[in-house]
Amino acid sequence: MDKMPKWADVVLIPLISLILAAILSALVILGIGEDPVAAVNMMVSGALGSTYGWGYTLYYATNFMFTGLAVAVAFHARLFNIGGEGQAMLGGLGVALVCLYVPWPHWTIALLAACAASMLFGAIWAAIPAYLQARRGSHIVITTIMFNFIAAAFLNYMLVNVMRPVGSMDPATARFNETVHLPTLHELLAPIGINFSKAAPANVSLLVAVLACVVVWALIWRTRLGYEIRAYGHSETGALYAGISPYKITMIAMLISGALAGLMAINNVMGEAERLVLNSTEGAGFIGIAVALMGRSHPFGVFLAAILFGFLYQGGAELALWTNIPRELIVVIQALVILFTGALDNMVRMPLEKIFLALRKGNA
Amino acid sequence: MTVPAIELKGISKAFGPVQANKDISISVAPGTIHGIIGENGAGKSTLMSILYGFYKADKGEIWINGKKTEIPDSQAAIAAGIGMVFQHFKLVQNFTVLENIILGAEDGGLLKPSLAKARKTLAELAAEYELNVNPDAVIEEIGVGQQQRVEILKALYRQAEILILDEPTGVLTPAEADQLFRILHRLKDEGKTIILITHKLREIMEATDTVSVMRRGEMTATVKTSETSPEHLAELMVGRKVLLRVDKVPAKPGKPILEIENLRVTDDKGVERVKGINLTVRAGEILGIAGVAGNGQSELLEVLGGMRPGSGAIRLNGAPLPLSGPGSDARARRAAHVAHVPEDRQSEGLIMEFHAWENVAFGYHHDPAYQSGIFMNNAALRADTDRKIEKFDVRPADGWLAAKNFSGGNQQKIVVAREIERNPDLLLVGQPTRGVDIGAIEFIHKQIVALRDQGKAVLLVSVELEEIFGLADRIAVMFDGHIMGERLPHETNEKELGLLMAGVNGEAA
């Protein structure tokens with residue numbers, strides 16, 4: 001018999017963790033002499049109070065959905081892919097190459113090509129650690145984290161020495177052509193009469209991200225491959241018994257994971273910056289880990305958690321902009337949320353399980 | 001009447017909604033061996049854990065030698081003169097016997113005086129109870145039987161008057177088990193009180209003076225061993241009449257199904273575990289592989305099941321099966337009509353977090369019947385599961401339950417149903433009834449025999465000699481990666497097999 005109902009596991013625990021993180025954050029804000037209530041108001045109005053705020057929240061959320069899904073897929077195979085950051089950087093490179101050097105007639109075709117290129121580049125970047133894990137037993141956490149540094153250095157080299165336009169002092173590529181401009185939410189929603197902020201960067205990639213959530217859900221829970229990935233993730237000896245090749249599953253799960261992380265580039269590189277800059281990923285690869293943890297590696301959970309973290313990102317930026325709360329403290333608040341929802345899961349779970357057991361006994 | 005060495009009065013303990021012990025009272029006379037028997041999950045271990053201070057009882061009292069005693073932790077248990085020998089030994093592998101014995105009972109910060117004292121005490125104990133162990137031997141270099149003696153000595157060194165042994169014979173050869181029982185009798189003669197926890201009826205009958213039977217957390221009976229019979233005890237354990245003997249007609253062996261030639265297998269550490277064995281399993285017979293755990297039987301099953309590479313040759317129905325490289329994995333084996341009930345259902349045979357219906361496809365998830373386009377046909381799978389649940393009487397009959405929420409017996413029924421219902425030419429079975437309750441044992445044995453009677457070949461690996469004798473039509477004994485000999489069950493006995501299991505070749509002796 002399960003110790004508590006599923007809804008409590010899925011909804012109640014993250015919610016309580018979140019409230020605990022919020023209380024602790026409030027105490028920290030109090031501690032530096034600011035007003036937590038005003039801070040929350042500021043965050044909410046800044047992130048959700050206008051279509052401009054929503055535009056940024058959803059833009060960040062789009063990034064986090066891709067990287068969160070990437071981590072979640074690897075989690076199902078019990079692989080801890082910390083390399084989302086590097087894979088997303090490489091995805092950005094793929095997008096830049098496709099957008100800069102091919103004259104696309106229309107953004108739809110360009111988007112398809114950019115999707116393919118970013119996924120390919122991300123997957124290739126994940127393939128090397130995957131191979132080292134599957135065949136050589138090099139721990140994937142170590143290799144993927146190191147590949148983040150290699151990716152950053154490689155991107156640096158490419159931007160400074162290869163892709164930088166002649167005469168430019170900026171380590172970035174040239175601006176992409178107008179024809180590959182992705183429609184923003186403003187442009188998408190205008191025809192149906194919704195006036196969405198023009199300045200916000202949320203764009204059509206959001207729809208791709210939502211679609212990716214659905215596809216990943218179907219992959220994990222409805223296909224044979226997903227079955228094999230989950231089986232391998234739960235028990236490696238079990239996988240061997242069932243004739244599931246650990247090598248194959250490690251490779252495939254990491255390729256999918258890398259492809260999803262790489263896919264993020266259609267949002268930040270193609271959709272927002274419209275050129276490839278240094279540090280284009282802004283840590284979204286790491287936030288993806290927290291998103292996957294909080295979302296219980298379920299695509300719907302990832303979707304919700306991505307929006308929450310989008311809110312924290314945008315709200316935090318507003319807070320840093322308009323109050324005396326320093327930028328660093330925003331990172332502390334985000335870290336508290338990650339700490340409580342990810343790492344301290346059992347702290348909330350144990351007492352909650354006891355309560356549910358006691359309740360059940362009372363009813364029985 | 002003498003004062004009981006141990007008296008438990010109305011002990012109750014619940015884990016959440018599960019009542020592990022319900023109002024249990026027993027009284028053990030000093031200088032006797034008292035058996036506690038019951039199926040897995042009957043609450044034996046919980047009761048002993050309460051006695052040893054691991055758990056605190058919700059209700060009830062413990063009386064030791066006529067005094068009410070609180071046992072909040074194992075220190076208190078030791079102080080009250082209780083010693084425990086666990087099923088899984090708690091010894092430091094790279095320490096010597098002497099170091100292990102004083103571990104936690106040192107007299108001071110300096111080891112030397114403690115060691116000297118322990119050496120002297122050990123010599124006395126050895127003389128008194130015939131418990132001979134070399135005090136300077138390193139644990140990992142001595143046999144399992146010896147390690148168990150160290151555990152007993154540890155308890156005696158701490159002046160235990162009451163000794164609890166939890167499933168002590170699980171890892172012993174029959175000869176080692178006999179030695180253990182001789183030691184226990186000797187201890188009893190010297191006035192110690194012994195509680196023996198086991199699920200093996202034979203041991204209870206051989207070794208104990210009185211026996212208590214537990215079922216579903218309750219003490220159903222306490223009887224004098226001399227006044228009961230195995231059949232009666234089994235009935236008390238299960239709550240209904242059970243057939244202890246496997247009912248089967250003589251085998252009619254046909255053509256060879258599986259032929260093994262000079263098979264060699266190394267384990268993950270590169271140690272050779274199967275050292276060139278030859279075996280044949282024929283249609284319509286059950287070949288039983290007897291042996292103490294860890295003598296290469298597991299690796300044999302794994303290589304046959306496609307979980308591990310090997311060298312040599314195996315043929316199925318005359319056609320060679322690859323032992324390494326492509327076509328040697330478990331999927332290829334299943335395609336060749338080899339079904340496999342693995343030794344460890346929890347880490348191999350089932351995914352514990354998966355629903356029962358997901359587990360019914362496990363290993364057979366490529367079956368076209370379970371596919372629909374690019375997706376899996378979960379509806380078909382669930383229908384198939386319901387059929388198997390009904391046919392194999394899996395309880396509770398709920399395909400949505402996760403595998404971990406079934407009892408051991410019902411988990412095993414799911415595995416057996418999945419494998420046998422494939423109608424394989426060869427069935428590999430490892431420890432089919434480990435951790436399975438008596439009622440389910442009967443059922444699973446019947447299914448295996450029924451498959452044999454359909455003219456299929458069965459290779460059975462079991463460390464339970466009783467099971468080997470009951471099921472096998474031919475017995476091969478494995479020791480240190482070699483087949484020590486083959487016997488027919490009606491032409492041999494436990495003693496002869498025991499010698500073979502210990503590596504003593506019967507023909508040579």
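Below, chains carry the letters A, B, ... as their sequence lines are ordered, and counting in each starts from 1.
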- request: Please list, in residue-number order, every residue in residues 232-248 of chain A that has a heavy atom less than 4.5 Å from any heavy atom of chain B; write 'none' if there are none.
  value: A:His234, A:Ser235, A:Thr237, A:Gly238, A:Ala239, A:Leu240, A:Tyr241, A:Ala242, A:Gly243, A:Ile244

- request: Please look at B:Ile351 and chain A and tell me whether the side chain, the backbone, both or neither of the residue comes under 4.5 angstrom of a heavy atom of that chain.
  value: side chain

query: Given a strict heavy-atom distance threshold of 4.5 Å, which part of B:Arg345 is in contact with chain A: side chain, backbone, both, or neither?
result: neither

task: With chain B as the partner chain, list the residues of residues 214-224 of chain A whose heavy atoms fall under 4.5 Å from it, by residue number, and write 'none' if nothing qualifies.
output: A:Ala218, A:Trp221, A:Arg222, A:Thr223, A:Arg224

query: For B:Gln346, is it the side chain, the backbone, both, or neither that has a heavy atom closer than 4.5 Å to a heavy atom of chain A?
result: neither

task: Determine which residues belonging to residues 113-126 of chain A lie within contact range of chain B, meaning some heavy atom pair is under 4.5 Å apart, and list them by number or answer 'none'.
output: none

Greatest number of heavy atom pairs closer than 4.5 Å to chain A - which of B:Arg333, B:Gln371, B:Glu348: B:Glu348

task: Below 4.5 Å from any heavy atom of chain A, which atoms of B:Ala361 appear? Answer side chain, backbone, both or neither.
output: both

field: Options B:Met352, B:Arg331, B:His340, ranked by heavy-atom pairs under 4.5 Å with chain A, top entry
entry: B:His340

message: Using the ring-ring contact (aromatic ring centres under 6.0 Å, His included) criterion, which residues pair with B:Phe54? Sequence neighbours excluded.
response: B:Tyr52, B:Phe86

query: When you look at CZ of A:Phe286, are more than 12 heavy atoms from neighbouring residues, nucleotides or ligands closer to it than 6.0 Å?
result: yes

field: Closest non-hydrogen atom pair between A:Tyr227 and B:Phe354, with its separation
entry: CE1-CE2, 3.8 Å

query: Should the heavy atoms of other residues, nucleotides or ligands under 6.0 Å from CE of A:Met350 be counted, would the total exceed 12?
result: no

message: Check A:Arg230 with B:Glu353, please: is the shortest side-chain N to carboxylate O separation under 4.0 Å?
response: no

query: Side chain, backbone, both or neither: which part of B:Arg308 has a heavy atom under 4.5 Å from chain A?
result: neither

